[in-house]
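Predicted model, so just to flag it, every value in this text is computed and none were measured.
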Amino acid sequence: MEEFLNSKAAMTPGVAGTATAMITATLVGQFGVPGNWTGLVLSLLFGLFVLGDKATPIMQRVLFYFVNSMIIFSVAIGINTAGIAATKSEQQAQYESRWVPPEGEAGGFFQQWF
């Protein structure tokens, strides 16, 4: 577990990005919160794990925090975009770009964040 939460581990941002995408998609779908800000806040929260690595100097941890947080956010956006592309056909996507769902009606698990 120590190697997984190490500030230099490459697996952590990928797993945290996946968790960020799932949590953000759920919050957007169920409560209608803005996906872009929710994803960014969750990415910054998951990035805080890097600061717990006491073996690394503080300036390096802060740098890793920002870099890892942005990687987590980028992975979450990529997963969401891939999910949108995978679940919609081109005809359906053209139709939905013109159609606005009634207020309070969820469109699906993956939705545009921006």
Side-chain angles (χ1 to χ4, degrees):
M1 188 67 171
E2 229 174 84
E3 287 297 318
F4 183 73
L5 293 177
N6 184 343
S7 63
K8 297 176 185 171
M11 185 71 153
T12 304
V15 172
T18 303
T20 300
M22 289 188 324
I23 294 168
T24 302
T26 302
L27 292 173
V28 169
Q30 295 301 313
F31 301 109
V33 296
N36 54 352
W37 294 110
T38 305
L40 182 61
V41 168
L42 287 172
S43 299
L44 292 171
L45 288 174
F46 278 122
L48 287 174
F49 286 115
V50 171
L51 298 178
D53 184 14
K54 301 296 182 202
T56 310
I58 187 71
M59 289 305 293
Q60 194 174 10
R61 280 187 277 168
V62 170
L63 177 67
F64 283 147
Y65 168 69
F66 286 115
V67 170
N68 280 343
S69 294
M70 292 303 104
I71 291 171
I72 292 167
F73 186 59
S74 299
V75 168
I77 289 173
I79 290 171
N80 185 61
T81 304
I84 290 171
T87 57
K88 295 184 180 176
S89 67
E90 191 168 320
Q91 288 180 341
Q92 185 181 15
Q94 289 175 356
Y95 172 74
E96 288 182 358
S97 67
R98 295 185 304 247
W99 181 72
V100 178
E103 189 173 332
E105 184 178 317
F109 188 72
F110 296 108
Q111 298 179 21
Q112 291 294 332
W113 288 4
F114 296 101

task = Check the pair Met70, Leu40 against side-chain contact (heavy atoms from CB on, under 4.5 Å), reporting the backbone distance first and the verdict last.
result = CA-CA 8 Å; Met70 292 303 104; Leu40 182 61; 3.8 Å; yes
inquiry  = Side chains of Phe73 and Leu44, heavy atoms from C-beta outward: is any pair under 4.5 Å?
reply    = no
Using a 3.5 Å cut-off and no angle test, enumerate the donor-acceptor pairs between side-chain atoms of residues 18-26 and protein atoms at least two apart in sequence or in another chain.
unit_1, atom_1, unit_2, atom_2, d
Thr18, OG1, Gly14, O, 3.0
Thr20, OG1, Ala16, O, 2.8
Thr24, OG1, Thr20, O, 2.7
Thr26, OG1, Met22, O, 2.9

query = Do you know the tightest heavy-atom contact between Pro13 and Ile71?
reply = CB-CG2, 3.5 Å
query = Any side-chain heavy atom of Phe66 sitting closer than 4.5 Å to one from Ser69?
reply = no
ask   = Which pair of heavy atoms, one from Phe46 and one from Ile72, lies closest together, and at what distance?
value = CB-CD1, 4.0 Å
note = Tightest non-hydrogen contact, residues Phe64 and Thr56, listed as CE1-CG2, 4.3 Å
task = With sequence neighbours excluded, tell me which residues meet side chain to side chain contact (heavy atoms under 4.5 Å, CB included) with Val33.
result = Leu27, Val28, Phe31, Thr38
note = Value for CG (Leu48) from OG (Ser43), rounded to nearest 0.5 Å, stands at 11.0 Å
